[in-house]
Structures are given as C-alpha cells and as structure tokens.
Amino acid sequence: MYRLVVYKEKCHGCGNCVIVCPVNAKDPNVFGGKGPEEEDKVVVRVVNGVADVINEELCGGCGACVEACPVYAIKLIVE
Ligand code: SF4
Ligand code: SF4
C-alpha cells in the first residue's frame, strides 16, 4: 500500500508530478500536457494551482513524482 502526501504550502502547481507518473501517462491527454480525459484513471492532478492526490489506490510506488518535484512538495509513504 502506498500513500502520497502533498505539502500544499510548498507546491506551486508546476505539474511535473502529474506528467512523470506512469499511471497518469496512460491517459493520452495527460501525456500531452492537458488535464486527464477520465479523472478515475489518474493518481494525481493539479487542482486550483496545487497538486491533489485523487486516486491513491492506483499508485504503483515508483517514486517518479517525488524525484520530479523541484520543491520537495510530494512524499511517498510505503505502508
Ligand atoms: S509514486 Fe509513481 S505511480 Fe505513484 S503517483 Fe508517484 S509517479 Fe505515480
Ligand atoms: S507537488 Fe511538486 S511537482 Fe507536483 S505540482 Fe506541486 S510543485 Fe510541481
């Protein structure tokens, strides 16, 4: 089980975590830099300028989002 925590006070909504996530990338719209086609198939997206974890259960725990965040605003917890 993986948990994702976004430190909203640090996040500036760049979307790096959204783009690099391999689960999100299955949605062609996300891969192209737009919003997701279907909300229930992405793990994280930017809502109102801040990253938001919307389907944590889909996360595969790869850590790419953590690596891609320039301000250490997203954390992966393995339980
Ligand atoms: S840990 Fe990997 S699968 Fe999970 S949200 Fe981050 S990039 Fe996506
Ligand atoms: S969590 Fe980091 S990578 Fe994701 S949108 Fe916020 S600042 Fe960008």
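Sequence positions, counted from 1, serve as the residue numbers for this chain. Counting convention: from 1, in listed order, for ligands and their atoms alike.
Atom-to-atom distance recorded for Cys62:SG and Glu67:CD is 9.5 Å, nearest 0.5 angstrom. In this structure, the separation between SG on Cys21 and CG on Asn16 is 12.5 Å, given to the nearest 0.5 Å. With rounding to the nearest 0.5 angstrom, the CG atom of Asp27 is 8.0 Å from the NZ atom of Lys41. How far CZ of Arg3 is from CD of Glu79: 5.0 Å, rounded to the nearest 0.5 Å. The SG atom of Cys17 sits 8.0 Å away from atom CG of Asn24, with the distance rounded to the nearest 0.5 Å.
Taking backbone and side-chain atoms together, Cys59 has no N/O/S atom less than 2.8 Å away from atom 6 (Fe) of ligand 1. Using a cut-off of 2.8 Å, one finds that Cys65 contributes no N/O/S atom close to atom 4 (Fe) of ligand 2.
Atoms of ligand 1 lying under 4.0 Å from any heavy atom of Gly63, numbered from 1 in the order shown and given with element: 1 (S), 2 (Fe). Interface atoms of ligand 2 facing Cys69, defined by a heavy-atom separation under 4.0 Å, are 1 (S), 2 (Fe), 3 (S), 7 (S). Heavy-atom contacts of His12 reach the following atoms of ligand 2: 7 (S) (cutoff under 4.0 Å). Heavy-atom contacts of Pro22 reach the following atoms of ligand 1: 7 (S) (cutoff under 4.0 Å). Annotation for ligand 2: atoms under 4.0 Å from non-hydrogen atoms of Gly13 are 5 (S), 6 (Fe).
The closest side-chain heavy-atom distance from Ile74 to Val5 is not below 4.5 Å. Proximity of Leu76 to Cys59: side-chain heavy atoms (C-beta onward) are separated by under 4.5 Å at one or more points. Val42 is listed as a side-chain neighbour of Ile54, based on a closest heavy-atom distance under 4.5 Å. Annotation: side chain of Val71 is in contact with side chain of His12 (closest heavy-atom distance under 4.5 Å).
In this structure, Val6 has no heavy atom closer than 4.0 Å to ligand 2.
Nearest non-hydrogen protein atom to atom 6 (Fe) of ligand 2 is Cys11 SG, 2.4 Å. Here the protein heavy atom with the shortest distance to atom 4 (Fe) of ligand 2 is Cys17 SG, 2.4 Å. Closest to atom 3 (S) of ligand 1 among all protein heavy atoms lies Gly60 N, 3.4 Å. In this structure, the protein non-hydrogen atom closest to atom 2 (Fe) of ligand 1 is Cys62 SG, 2.3 Å. Protein heavy atom nearest atom 5 (S) of ligand 2, with residue, atom name and distance: Gly15 N, 3.2 Å. Protein heavy atom nearest atom 8 (Fe) of ligand 1, with residue, atom name and distance: Cys21 SG, 2.3 Å.
Only the side chain of Val71 comes within contact range of ligand 2, with a heavy atom under 4.0 Å; no backbone atom does. Under 4.0 angstrom from ligand 1, the non-hydrogen atoms of Leu4 all belong to its side chain.
More than 12 heavy atoms of other residues, nucleotides or ligands lie within 6.0 Å of NZ in Lys10, so this atom counts as buried by the packing criterion.
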